[in-house]
Amino acid sequence: MEERVIIIGGGHGGSQAAASLRQEGFDGAIALVNDETELPYHKPPLSKTFLKTPGGGSQMLRPESFYRDNGVELLFGRRVEELDRSAGRVRLDDGVSLPFSQIILATGARPRLPQVEGNGLDGIFALRNFADAGRIREATAASRSAIVVGGGFIGMEIAHTLAGLGKHVTLVEMAPRVLGRSVAPLISSYAERRAREAGIDLRTGVGVSGFGGANGRVDAVRLTDGSRISADLVVLGTGVVPNVELAAAAGLAIDNGIVVDEQMRTADPRILALGDVTSFHHWHAARPVRLESVQNASDQAKHAARTITGKPSAFHEVPWFWSDQGDIKLQTAGLSFDADRHLLAGDPEANAFSVWHFAGPRLLAVDSINRAADHMIARRLLAAGIDPTEEDINLGTPRLKEMISSK
Ligand SMILES: Cc1cc2nc3c(=O)[nH]c(=O)nc-3n(C[C@H](O)[C@H](O)[C@H](O)COP(=O)(O)OP(=O)(O)OC[C@H]3O[C@@H](n4cnc5c(N)ncnc54)[C@H](O)[C@@H]3O)c2cc1C
């Protein structure tokens, strides 16, 4: 049989995998199956510019001609229902069964919905894809006051976007601080202050106990402190769950994601996985992680393509991420889980600063606000395994660059 890679999921990772397979010289058949109908598109703008742009469409990752010219068969608006490892076939929702020599699972994640009363009312939305964003944009036009549930990256971005459109926005975060899973407390408190300055009514340390409505439409959110907030639009930013079901039903290991090794392989060497759906032992953080970022999905896709074309390389990429919240550009490099020391560089009052995270002398991560140069240098330091001292950091970019070039 001719080699055929079936990529399941046409998001950031799936589209990159198709491109990278060809770049790495794979000359068998490639099929990209996606349950959405749009060509693969950039997701980050959906919580930012897209909501502010009436009539604006999706931003394609690659033009249609790219897939045609590279012999990538697009099976869109179709879902893979079953991965049959013993038969070496996948079954689509229209009954079609396709043989494979390798599979790449790039099924991403879906929003986690709060299990509280009233969560099915009209006017409550979660944002994961283009169709969701279109519905939110339409509802926003007719709305005056919105509640955003969840103060993670997406919740904070949506709150800023809606406030920028002149809506009255309340953001509710159960944890004591926003962005608590990802950044230093100093960054959280800065982001909270800027959100309040942007007119967002920010409430931390309080959860949602239920949604109230009339005639099937949401009109209020009830909070765990007994209060009630009126709103005609609710957007949920309450995290995601990885789409592991196909892999689980096929008997592959799952641990907060599909478990893959350094070459993106599952325990079945014909089946690889990448992106938001994967859990893997991180080379730098020395623990299993599941990362949700464009960088991780794209880099894992490149590695998966190298594995399939017989040039496996260990996944030693530096994780990085960005988030645009109003006029704040937040960037993170590395993972700060085990940090026990934090150094501030720059000045929060000047809206430009970074927090450098260390475990003892070892650099773990850098969170930057409007300091792109720090972010870029941090990525290079982490990749090279260089641990600057406080003095090095205070000497600034020239010193840090010198350390990299002399390594
Ligand atoms: C609104 C928003 C803003 C974001 N902003 C940022 C940002 O600023 N910076 C950043 O780094 N990251 C950002 N992210 C995260 C980033 O988009 C994701 O990490 C990235 O899309 C993950 O890529 P992926 O290929 O793993 O999954 P996805 O891009 O989610 O693609 C998975 C695709 O698989 C499809 N699928 C699932 N199951 C099946 C099946 N059985 N059959 C067929 N198709 C299937 C899904 O419908 C989906 O189309 C944002 C995400 C969202 C939603």
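These values consider heavy atoms only, across backbone and side chains, with no hydrogens, waters or symmetry-generated copies. Both ligands and their constituent atoms are indexed starting at 1 by order of listing. All residue numbers in this chain count up from 1 along the given sequence. Everything quoted here is computed from the prediction, not taken from an experiment.
- The 12-atom threshold is exceeded at CD of Glu82, counting heavy atoms of other residues, nucleotides or ligands nearer than 6.0 Å.
- At distances below 3.5 Å, not a single donor-acceptor pair connects side-chain atoms of Ser298 with backbone N or O atoms of Gln295.
- Per-atom contact check: atom 26 (O) of ligand 1 touches the protein, criterion being a heavy-atom distance below 4.0 Å.
- Annotation for ligand 1: atoms under 4.0 Å from non-hydrogen atoms of Leu127 are 1 (C), 53 (C).
- Comparing heavy-atom distances from atom 18 (C) of ligand 1 across Asp276, Leu61, Ile154 singles out Asp276 as nearest.
- Under the 3.5 Å distance criterion, with hydrogens and angles disregarded, a donor-acceptor pair is assigned to the side chains of Glu262 and His316.
- The nearest protein atom to atom 10 (C) of ligand 1, hydrogens excluded, is given as Phe321 CE1, 3.2 Å; this is a heavy-atom distance.
- Proximity of Arg78 to ligand 1 is established by a heavy-atom distance of less than 4.0 Å.
- Here the heavy atom of the protein found nearest to atom 49 (O) of ligand 1 is Glu36 OE2, 2.5 Å.
- Around atom CG of Asn256, more than 12 heavy atoms belonging to other residues, nucleotides or ligands sit under 6.0 Å away.
- When heavy-atom distances to ligand 1 are checked against a 4.0 Å cut-off, Leu246 comes that close only through its side chain, counted from C-beta outward.
- Using a 4.0 Å cut-off between charged side-chain N and carboxylate O, Glu157 and Lys48 make a salt bridge.
- Heavy-atom proximity to Ile8, at under 4.0 Å, picks out these atoms of ligand 1: 40 (C), 42 (N).
- Among protein heavy atoms, atom 32 (C) of ligand 1 sits closest to Ala106 O, 3.3 Å.
- Given atom 23 (O) of ligand 1, the protein heavy atom at minimum distance is Ala297 CB, 3.5 Å.
- The shortest contact between atom 4 (C) of ligand 1 and any protein heavy atom is with Pro44 CA, 3.7 Å.
- Between Phe280 and Phe315, the ring planes are perpendicular. Angles over 60° get that label, and only those under 30° would be called parallel.
- Counting only non-hydrogen atoms, the option in Glu38, Lys43, Lys48 that gets closest to atom 17 (O) of ligand 1 is Lys43.
- Of the candidates Ser47, Gly275, Gly77, it is Ser47 that places a heavy atom closest to atom 1 (C) of ligand 1.
- Atoms of ligand 1 found under 4.0 Å from any heavy atom of Ser293 (numbered from 1 in listed order, with element): 11 (O), 12 (N), 19 (O).
- Residue Ser323 has no nitrogen or oxygen atom sitting less than 3.5 Å from a nitrogen or oxygen atom of ligand 1, judged on distance alone.
- Close approach to Glu292 involves these atoms of ligand 1, each under 4.0 Å from a residue heavy atom: 19 (O).
- Ring-plane geometry between His42 and His12 is classed as perpendicular, the angle between the planes exceeding 60 degrees on a 0 to 90 degree scale with a lower cut at 30.
- Side-chain contact annotation: Thr307 with Arg265, donor-acceptor N/O pair under 3.5 Å absent.
- Here the heavy atom of the protein found nearest to atom 11 (O) of ligand 1 is Val294 N, 3.0 Å.
- When hydrogens are left out, the protein atom nearest atom 7 (C) of ligand 1 is Trp322 O, 3.5 Å; that is the closest non-hydrogen contact.
- Ring planes of Phe358 and Trp356: parallel class, angle under 30° (limits at 30 and 60°).
- Salt-bridge annotation for Asp232 and Arg217: absent, with no side-chain N of the basic residue lying under 4.0 Å from a carboxylate O of the acidic one.
- For the pair Arg270 and Phe100, the cation-pi test (distance below 6.0 Å, angle within 45°) is failed.
- Closest to atom 35 (C) of ligand 1 among all protein heavy atoms lies Asn34 OD1, 3.1 Å.
- Using a 4.0 Å cut-off between heavy atoms, Asp324 makes no contact with ligand 1 at all.
- For the 3.5 Å distance criterion, the side chains of Arg79 and Asn34 fail to qualify, holding no donor opposite an acceptor.
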